[in-house]
Number of protein chains: 2
Amino acid sequence: MDEQLRLENQLCFPLYACARKITSLYTPMFKPLGLTYTQYIVFLALWEHDNVPVSDLCHRLYLDSGTLTPLLKKMEQEGYLTRTRSKEDERVVNIRLTEKGIALKDQVQDIPMQVGNCIRLSPEEAFTLHTLLYKVLEQEEAYGG
Amino acid sequence: MDEQLRLENQLCFPLYACARKITSLYTPMFKPLGLTYTQYIVFLALWEHDNVPVSDLCHRLYLDSGTLTPLLKKMEQEGYLTRTRSKEDERVVNIRLTEKGIALKDQVQDIPMQVGNCIRLSPEEAFTLHTLLYKVLEQEEAYGG
DNA sequence: GGTATTTATATTGTGTACAATTTAATTGTA
DNA sequence: TACAATTAAATTGTACACAATATAAATACC
């Protein structure tokens, strides 16, 4: 009885625990660079599309301004990016990487592979997992996906 | 180039985003009960195995004492459980649900199903996702799995 | 039996997450 | 063109997570 309340039968719990486990695999690799996982994904987003409003980062990272604003301010202080109010729309703040921010890319190139090597999934399993996660993530309800 | 640094090619990112999305589906259902997601999984663990040391909860939930100690103290204050030093080993603190904590189970019975209905995966897909997540989670490196 | 080591929690400090609210700018509309 | 509604960020407040350290009890070992 109560099978639906068994920890092992939840989908939410392994997701929650697994996400934290993977993040913890990255943490020691970021430490020498003085980065955190959240800062890393902000960089990943910006290395792909730079000079974008805060709202663009919010959408792509599924994070809100309450999380990103202080993070971006800190990254600005550390010289990785600039925050500039848009001339066309004064409500908008544009984020642009500095040379230092762009250069950081070279230093993290092989980190995804190192973490990947710690995860014992076959390429097929990793692909399946990736596909299923995006299927859940891109459902219409939340974040206007 | 730089395919390995594209946000979309990471496994960590959809995991991280998906975990937060699922948690956010639970939050409004917990609100009338005054619960948080983390408290919920502590209850799930205790409804299965009650009267256990803090270390047992740490292992089952993949959380450390820095997270659980303040959480358990708060849940104790709210009358959901008791924290008692073991007589046999004074280092150990045993956690036991009160009647109030046990009774809460009735009020959350259908929440997993409601959340499940929000996730557009077939039973087979959900099973596959569950299996792959546990495969990653139960690898030997971390948490003594 | 006394001391070093290990173990179980607790504490401290830092960094997210996010709900709710605020502020300021822009847009829609009578 | 005033004025309401909307939008983009920022702010405030609460709740985790977790690394690092501290504390105290138990065990190991000489």
Side-chain angles (χ1 to χ4, degrees), chain A residues 12-13 16-32 34-42 52-59 61-78 83-95 142-144, chain B residues 12-13 16-32 34-42 52-59 61-78 83-95 142-144:
Chain A
C12 63
F13 175 67
Y16 160 78
C18 214
R20 287 184 296 109
K21 175 169 178 171
I22 302 301
T23 302
S24 78
L25 293 178
Y26 277 95
T27 301
M29 304 191 193
F30 291 147
K31 193 155 188 190
L35 290 183
T36 63
Y37 180 75
T38 315
Q39 286 166 29
Y40 170 68
I41 64 164
V42 170
V52 292
V54 171
S55 60
D56 178 78
L57 284 175
C58 289
H59 284 107
L61 301 177
Y62 302 90
L63 290 169
D64 71 6
S65 67
T67 301
L68 283 181
T69 295
L71 201 65
L72 293 169
K73 281 186 175 177
K74 190 181 175 188
M75 292 166 79
E76 182 187 37
Q77 280 177 8
E78 291 169 344
R83 295 164 62 253
T84 319
R85 290 253 164 221
S86 165
K87 286 289 192 308
E88 300 88 57
D89 187 339
E90 288 278 343
R91 294 170 303 178
V92 171
V93 169
N94 285 310
I95 305 298
Y143 304 107
Chain B
C12 63
F13 176 68
Y16 160 79
C18 213
R20 288 184 295 110
K21 174 168 178 171
I22 302 301
T23 303
S24 77
L25 293 177
Y26 277 94
T27 302
M29 305 191 192
F30 291 147
K31 192 155 188 190
L35 289 183
T36 63
Y37 179 75
T38 315
Q39 287 167 31
Y40 170 69
I41 63 163
V42 170
V52 292
V54 171
S55 60
D56 179 78
L57 284 175
C58 287
H59 284 107
L61 300 177
Y62 302 89
L63 291 169
D64 70 6
S65 67
T67 302
L68 282 180
T69 295
L71 202 65
L72 292 169
K73 280 187 174 177
K74 189 181 176 188
M75 292 166 79
E76 182 186 37
Q77 280 177 9
E78 290 169 347
R83 297 165 61 251
T84 320
R85 291 253 163 218
S86 164
K87 285 290 193 307
E88 301 88 56
D89 186 338
E90 288 276 344
R91 293 170 304 179
V92 171
V93 170
N94 284 309
I95 305 297
Y143 304 107

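Residue numbers begin at 1 in each chain, while the letters A, B, ... track the order of the sequences. Just so it is clear, the values below take in all heavy atoms, side chains as well, and ignore hydrogens, waters and symmetry mates.
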Could you check how far [atom1] of [X] sits from [atom2] of [N], rounded to whole Å?
X       : N      : atom1 : atom2 : result
B:Leu57 : C:dA10 : CG    : P     : 12 Å
B:Glu78 : D:dT14 : CD    : C1'   : 13 Å
B:Leu61 : D:dC18 : CG    : C1'   : 15 Å
A:Arg85 : D:dA9  : CZ    : C1'   : 6 Å
A:Tyr16 : D:dC18 : OH    : C1'   : 11 Å
A:Leu68 : C:dA17 : CG    : P     : 10 Å
A:Lys73 : D:dA8  : NZ    : C1'   : 14 Å
B:Leu63 : D:dC16 : CG    : P     : 10 Å

*asked:* For D:dA20 and A:Lys31 - does any side-chain N or O of the residue sit under 4.0 Å from the phosphate oxygens OP1/OP2?
replied: yes
*asked:* Please tell me if B:Gln39 has a side-chain N or O lying less than 4.0 Å from either OP1 or OP2 of D:dC16.
replied: yes
Does [X] contact [N] through a side-chain donor or acceptor facing the base, at a distance under 3.5 Å?
X       : N     : value
B:Ser65 : C:dA8 : no
A:Arg91 : D:dT7 : yes
A:Thr69 : D:dA9 : no

Where do [X] and [Y] come nearest, in terms of heavy atoms and distance?
X       : Y       : value
B:Pro70 : B:Ser65 : CD-O, 3.9 Å
A:Leu72 : A:Arg83 : O-CD, 3.7 Å
B:Lys74 : B:Gln39 : NZ-NE2, 4.2 Å
B:Pro53 : B:Asn94 : N-OD1, 3.4 Å

Just checking [X]: base, sugar-phosphate only, or nothing, at a heavy-atom cut-off of under 4.0 Å?
X       : answer
B:Ser55 : sugar-phosphate
A:Pro70 : nothing
B:Asp89 : sugar-phosphate

*Picking from D:dC16, C:dT9, D:dA19, which would you name as closest to the side chain of B:Thr36?*
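Closest of the options to the side chain of B:Thr36: D:dC16.
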*Consider the side chain of A:Thr38, meaning its heavy atoms from C-beta on, and name the nucleotide among D:dA10, C:dT16, D:dC18 that approaches it most closely.*
C:dT16
*Does B:Arg85 use its side chain to pair, donor to acceptor, with the backbone of B:Arg91 at less than 3.5 Å?*
yes
*Paired with D:dA15 by Watson-Crick or G-U wobble geometry, both distances under 3.5 Å: which nucleotide is it?*
C:dT16
*Which sits closer to the 5' end of DNA chain C, B:Arg83 or A:Leu71, going by the nucleotide each is nearest to?*
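The residue mapped nearer the 5' terminus is B:Arg83.
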*Determine the interplanar angle of the A:Tyr16 and B:Tyr37 rings, folded into 0 to 90°, and report it as parallel if under 30°, tilted if 30 to 60°, perpendicular if over 60°.*
perpendicular
*Find which nucleotide of DNA chain D each of A:Val54 and B:Gly66 is nearest to by heavy atoms, and output the residue with the more 5' nucleotide.*
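That would be A:Val54.
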